[in-house]
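Note on naming: letters A, B, ... go to the chains in the order of the sequence lines (proteins, then strands), and numbering restarts at 1 for each one.
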Amino acid sequence: MLLFNQLQTYLFLALVLFVIGLYGVLARRSLIAILISVELILNAASINFMAFNRFLAPHPAVGQVITLFIMAVAAAEAAIALSIIVAVYRKMRSINVEHATELRG
Amino acid sequence: MEIPQALSDFWFVLVFLVAAGLFALGPLIIAKLIAPRSFGAARDATYECGMPTIGSAWIQVGMIYYLFALLFLAFDVDVLFLFPVLLAYGKGYVWRDFIEITIFIGILSLVIVYAWCRGVFSWKRKQVNP
Amino acid sequence: MTELLGIEEKTYTLNLGPQHPSTHGVLRVILEMDGEFIIKAEPVIGYGHRGHEHMAENRNYTQFLPNLARVDYLHALAYNQCYCMAVEKFLDLKVPERAEYIRVITCELNRITSHLLWFGAYLMDLGAFTPFLYCFDDREHLLDLLDGLTGSRLTYCFFRFGGVPIDIDDDFVAGCRAFVSRLRSRWDDYNNLVTKNVIFINRTRDVGIITRDQCIKYGITGPILRGSGIPYDIRKSEAYSAYPEFDFEIPIGSKGDIYDRYIVRLAEMEQSCRIIEQACNQLPDGPIMAEKVPKRIKPPVGEVYQAVETARGSFGMYIVSQGDVKPYRIKLRTPSFANMSFFPEMAVDNLVADLVANLGSIDVVIPEIDR
Amino acid sequence: MMSYFKEIAVGFWSLLGGMAVTIRYFVKPIVTVQYPREKIPMSPRYRGYPQFVIDPETQTHTCIACEMCSRICPSQLITLEGTKFPGEKQKRATRYVHEHQYCSLCGLCVEVCPTTALEFSPVYRLVGFSREDCVLDHLTLLQARQQAAGLPVTKVPTEEEISAAIAAEAAAKEAREKEAKAKAEAKKAAEAQAAPAKEDKE
Amino acid sequence: MELVAQLLGSEGARMVVGLIAVIALVSVNALFLIWMERKVAAHMQLRPGPMEVGPHGAFQTVADAIKLMGKELITPAEVDKPIFWLAPIVIFLPVLLSFLVIPFSSTWIIRDMDVGILLILAFSTLSVLSILMAGWSSNNKYAVFGAIRSVAQNIAYEIPLLVTVMSIILMVGSFKLTDIVAAQSGLWFVVVQPLAFILFIICATAETNRAPFDIPEAESELVAGFHTEYTGMRFALFFLAEYTNMFIAAAVATLLFLGGWHGPFLPGVVWFLIKVYAVIFLLMWFRWTFPRTRFDQLITFAWKILIPLAFVNLLITALVLKLR
Amino acid sequence: MNAVSAWLTPQTAATAAFVMVIGLTIVGALIAVGARNIFHNVLGLCVSLFGVSGIFLFLNSPFVALMEILIYIGAICVAICFAIMLSEPMYLPPPPRNKVKVLGAAIGAGGIFVFLGLLLKKTQWTAAPERSTDWSVTTIGHYFLTNYALIFELVSLLLLVAMIGAIVTARGGRSKP
Amino acid sequence: METKTGEPLIHLGVLEEALNLARANSLWPLTFGLACCAIEMMAAGAARFDLDRFGAGVFRPSPRQCDLMIVAGTISKKMAPAVVRLYEQMPAPKWVMAMGNCAISGGPFYYPTQYAIVPGADLIIPVDVYVPGCPPRPETLIEGILILEEKITKRGRLRKFRDAKG
Ligand code: SF4
Ligand code: SF4
Ligand code: SF4
């Protein structure tokens, strides 16, 4: 059984990516860095889908379709998130999460 | 399906990427070895038309670039969906494919229309502090 | 809270020049930018300061002659002429008619070289390299003519108090005619290549507009003024030298944008061609030097002002004499300096690309600003 | 909408017009004079740097060291010395250094020279590795040119000759002065003699 | 050849031989193109261009290359060093890769991938990234500006490029470049799709940062654009990549519109190269004729004119295919 | 690929390449969250995504792999870079790390990692009994046109809405500092 | 003038010669005009004279990519620091050509009470070749480049087209 022919490997990899992303979301203060981490998490999800698709799913195309949708959603999400970040920056002169929360009050 | 078919393509890609990297790296190393060095107070200073720079270059660029990047994002994603559809186009549908593509593109074009109406394409400087 | 809230301004400062391909030498512009837009442009001059006026006070009248050619090296002969005319006014010399004609012909040829160079350099600013070489090709023909007459290619020191030292011959006149017809045959190419080009039009139409009032307020002269629609030209209004005898028009623009200035300059070249043709046809015979030019130039106490129209606008020369062999003070009223003074206002709220287009359209010669 | 398309069409057409021009020039012959291989003939008036005229008669220069040129030169860059050699009517330049790096090629020196000893050289290929390479000694240059043209080379007087000449000149001057003085005295005496005669006349 | 084939198998041999050939092609092509560019430019400007180094200056670019190799590599003090070093290498990655799928003739192709054209398009985005890296890391305002502009321009023209390519894919129904060329054995697509061809050429000009769209390097404004701070060999790598990109763009244009290797009498490779260099000549011709567009006009031109036209073209193609 | 050496079987070579790709992904991801400089973060993301696209290749889907590069690296990363240039004041030194927060994040992420990892180990996955082998892009397109047609159209609508939202926030969000 | 050039890491005779030959034939000048002489520099690059024939026509606007600084014109005191700075920012090996009398010595602007200019580029940066004239003809500039090439290769050009001065 080859390393790259096992579902487990991919799932584990996705998990690692997800955890790294999660750490980023929790630890970073800059909104953009958080967005980057979120992208990592989304990619972990994509890998999962593709792996299931490759090893389990009855129709291989479906997993790819879903991955493509994830990409679209990621793009839309990034667009909106970035706009919000930029808007926040323009209002607050900072994109640091802590500052943003402080300023809300 | 021991080894996925796509992998044989992957080999080519990998080898070429590595080769390109080495190809680019080689002359750089040679240059490091055979080039003389110069000294001077301003040698390592940032070039700005012969004057010392004022402020950092990591500047904040105009909003406009960002908006264009966003527009690009939208259209790039639509390309992503159109590519597979194009391959399937005309393979056993009556009019359905055409209509779907038209609707898809139609909706997307609204992005341009909207941006156009909002004046994204006219580069006027907006006063930041009105 | 915070260090981050300290940033109120998100503008930044950019040095354009002194070494920059589009500042035509050594102008420096300090730009205050907001993104791509300029919110403040501050020209810093003096990088080409050579102390011309100070030199005048250290030299006698004759010795100052070659120096003037270096003030505006693109239209050196007009400066020569202005200085000679000023001193002649002082000394009350009457320049023979043939000499005046020669002066006019060479001056107009020089004007064409200046405009051609502007044309080429400006197009190079706009990123078109080829017209630059075509212009230089044309210009070389002209330079050959002038070189054959004066011996220099650029910094002519040709006119003398009281006339010109060297007479022109039939070859020169024929050369002038040939050049004029050659230049005329090129207009089509230039128009197709540049004037009609949609990219060029888009870059210059409605950009860098200078209104009439602004022109008058800032003392702008030359093609810029005429591009804004004011038909003011010293060659007509204070017709000096042999200019009254020629029939030529003052081309004017309507809007005062870069395109108008461009058109005006092109039309001016055509008008210069006309003047040259007429002068060649009517060239009178006679001496080329006034009769009794004193060996030692020692003007009486007094002051004199003389203005001429150079390729960049009206150049004025104010000489104060205290009866010495050296001028007491010479003040140069250089056109580029006045034209440049409007530049900061013109640049604001525009893009850097427009700044370059604007700067080029003013057609500055840096030593002329810095003197 | 119509104008939108019209604009595109007109713009496109204008671009084609420009391309037609360049392609036409592309097939035209080049205008370049490939300099070191072929050369542009210099116009006779071309101002390279001032140099001595080789006089067709004497086959040497005619500078009389009157210093008119050095005085009128705006940059004051001409250093010259002249000596009157015994047996010659006029002074002759013994040293004429033209520091070309200060010259503005105005031609004033050439015009002012009373003996038209100066002309502009058609040489334009003067380049050097140091500032001193730009300093031109006219007499040496003259010698080189004479050599090239197969003319007798003008000898540059040596220091001793010059000092000898100066001494001779001084002696001659002294003699002349003495003579003049003597003459003057004689004249005075004659006048003194004549004066009473005049008075007489009156 | 035999030995290599034995060692690595036929595919492996193809890879190695192809790699060597591509590296040779890239180097020779860049040297030749720069020389050609200078010659074409010169002759349009009534001058001969490089003449003295080798017959008609043939070794001029070789001399340039050797000289650049012997130049000092300055890393300015305030740059972001790792990125500054990496950028010239990254810009080179997509360059070689694209040759992987370009068919020089029906058999001269290193790897005929199913996703052929997509590979070129996808990896060309790497050069955008590299430009951004170069400009950003230089910590030089001109470089940052150049980079941002370059990227904005690249992404703006990428959309119409992709869409025009789509209309070809729509007609062929395959991403494979060999399929696309094979479909043109009768009629070149330039005849069927003239508008798409024009759009493609315009976009390719912009994508390769060439005049009249050479804003990123607009020297009259931005000194030298994103490679303002790059010296010697690093700068040369950008140059090399730029000229190779030009070749790739011309090759893609040839493959998509000009019938690739199809042509009478001569062997396919020759036809292919002739067409590629003809397209490159066209690009040079543009460069030496037109002034530079202003940046905002450039961008809005893409969004206002090119993209709508490209989409309209796509829809019309789809409609015609339906009606046929 | 019939390579010669005993050790250089396609399998080992592929495994090596796979490890490389994984390494790229993880190192990139670490840079993406770890580096101080936000620009390095984005580049790390790019590296990571490059690795992910390699993984997609191993998962037998070159199309998705290339699209990953085209969309993520070509578009999303560039957009992020532009947003950085618009907002983050790069010329200031980055603020010091908040130790507590970093520690908390590490513990939280580590906990989830352990939990999910164990879960992963436990779970048994079963493949669908009947699996088609049609990986082609055409089939994807076919799905877009039939089964997922609605989603296909919705994507464009989503993008439209997202763009309008983005433009409104970015343009209208200007306020006095 | 503390600017010096250091030795390369590897030094091979043959290699050095080949490099020098390449360097000599590909002198990229800096776009750097100070005054009137710059116009003649432009003219030298234009169609009639065409510096590009010698490989010296690639005017690079950034000093980082240049080999040759042609100081064309008067260096005012205000400009001098910028000239030095630009020179220092050029990568080694680099050369300087003083074009025109102003750059050589202050030219017509040099006189005892002069206050505004630096009398000679060699006072602030090391100059390799002096091209006198006011302004020098484009041919003279070409001649300067040829002689600089000789200086770089230390053996004269491969092609002989230098004849007696004329
Ligand atoms: S050159 Fe002429 S002006 Fe000068 S010293 Fe000699 S004779 Fe006099
Ligand atoms: S040409 Fe003018 S500057 Fe030169 S030496 Fe003669 S008088 Fe002096
Ligand atoms: S040497 Fe003469 S032409 Fe050159 S800059 Fe000086 S004054 Fe001008």
Side-chain angles (χ1 to χ4, degrees), chain A residues 2-4 7-8 10-13 15-17 19-24 26-30 32-33 35-37 39-40 43 46-47 50-51 53-62 64-65 67-69 71-72 74-76 78-80 82-87 89-91 93 95-96, chain F residues 11 14-15 18 22 26 29-30 32-33 38 41-42 45 48 52 55-56 58-61 64 67 71 75-76 79-80 83-84 86-88 101-102 105-106 108-109 112-113 116-117 120 125 127-128 130-132 134-135 139-140 143 148 151 155 158-159 162 165-166 169-170 173-175 177:
Chain A
L2 289 164
L3 195 58
F4 54 87
L7 180 59
Q8 296 282 338
Y10 293 97
L11 293 184
F12 189 72
L13 178 69
L15 177 60
V16 171
L17 215 54
V19 167
I20 295 176
L22 189 66
Y23 166 80
L26 294 177
R28 296 304 296 264
R29 301 204 287 187
S30 154
I32 289 184
L35 180 69
I36 292 173
S37 310
E39 294 296 343
L40 283 179
N43 265 287
S46 296
I47 293 180
M50 289 295 286
N53 177 48
R54 159 91 162 74
F55 294 104
L56 305 176
H59 295 292
V62 179
Q64 299 186 42
V65 167
T67 312
L68 292 181
F69 280 136
M71 281 185 204
I80 294 284
L82 288 174
S83 303
I84 293 174
I85 291 170
V86 169
Y89 170 75
R90 301 198 146 220
K91 243 194 166 62
R93 296 277 126 193
I95 55 168
N96 191 320
Chain F
Q11 281 82 7
T15 311
F18 186 62
I22 290 182
I26 291 181
L30 288 177
V33 297
I38 188 83
N41 289 154
V42 182
L45 181 65
S48 176
V52 171
I55 289 172
F56 286 170
F58 273 92
L59 289 170
N60 214 357
S61 180
V64 180
M67 286 305 127
I71 301 295
I76 295 184
I80 293 178
I84 291 173
L86 208 61
S87 55
E88 199 107 339
K101 199 168 171 182
V102 169
I112 288 180
F113 177 70
L116 285 181
L120 202 70
W125 307 96
E130 229 173 86
R131 304 188 51 208
S132 95
D134 185 9
W135 292 83
T139 322
I140 302 177
Y143 273 114
Y148 298 93
I151 305 186
V155 163
L158 170 76
L159 288 173
T169 24
R174 287 195 167 198
S175 61

With side chains defined as the heavy atoms from C-beta onward, is the minimum distance between A/M71 and F/I76 less than 4.5 Å?
no

Does any non-hydrogen side-chain atom of F/N41 lie less than 4.5 Å from one of A/I32?
no

Closest-packed option against chain F by number of heavy-atom pairs under 4.5 Å, given A/G21, A/A76, A/S37, A/A78
A/A76

Largest heavy-atom contact set with chain F, pairs under 4.5 Å, which of A/L22, A/L68, A/V19, A/T67:
A/V19

Sort out for me which of F/I71, F/V52, F/L159 touches chain A most, counting heavy-atom pairs under 4.5 Å.
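Ranked by contacts with chain A, first place is F/V52.
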
For A/L17, is it the side chain, the backbone, both or neither that has a heavy atom under 4.5 Å from a heavy atom of chain F?
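The side chain, not the backbone.
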
Below 4.5 Å from any heavy atom of chain F, which atoms of A/L13 appear? Answer side chain, backbone, both or neither.
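Side chain of A/L13 only, per the 4.5 Å heavy-atom cut-off to chain F.
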
Shortest non-hydrogen contact from A/G24 toward F/V33
CA-CG1, 3.7 Å

F/A32, part contacting chain A, at a heavy-atom distance under 4.5 Å:
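For F/A32, the contact with chain A is made by backbone and side chain together.
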
Those residues at least two apart in sequence (or on a different chain) that pass side chain to side chain contact (heavy atoms under 4.5 Å, CB included) with A/I80 are A/I84, F/A162

Residues at least two apart in sequence or cross-chain that pass side chain to side chain contact (heavy atoms under 4.5 Å, CB included) with F/L30, listed by chain then number, are A/I20, F/I26

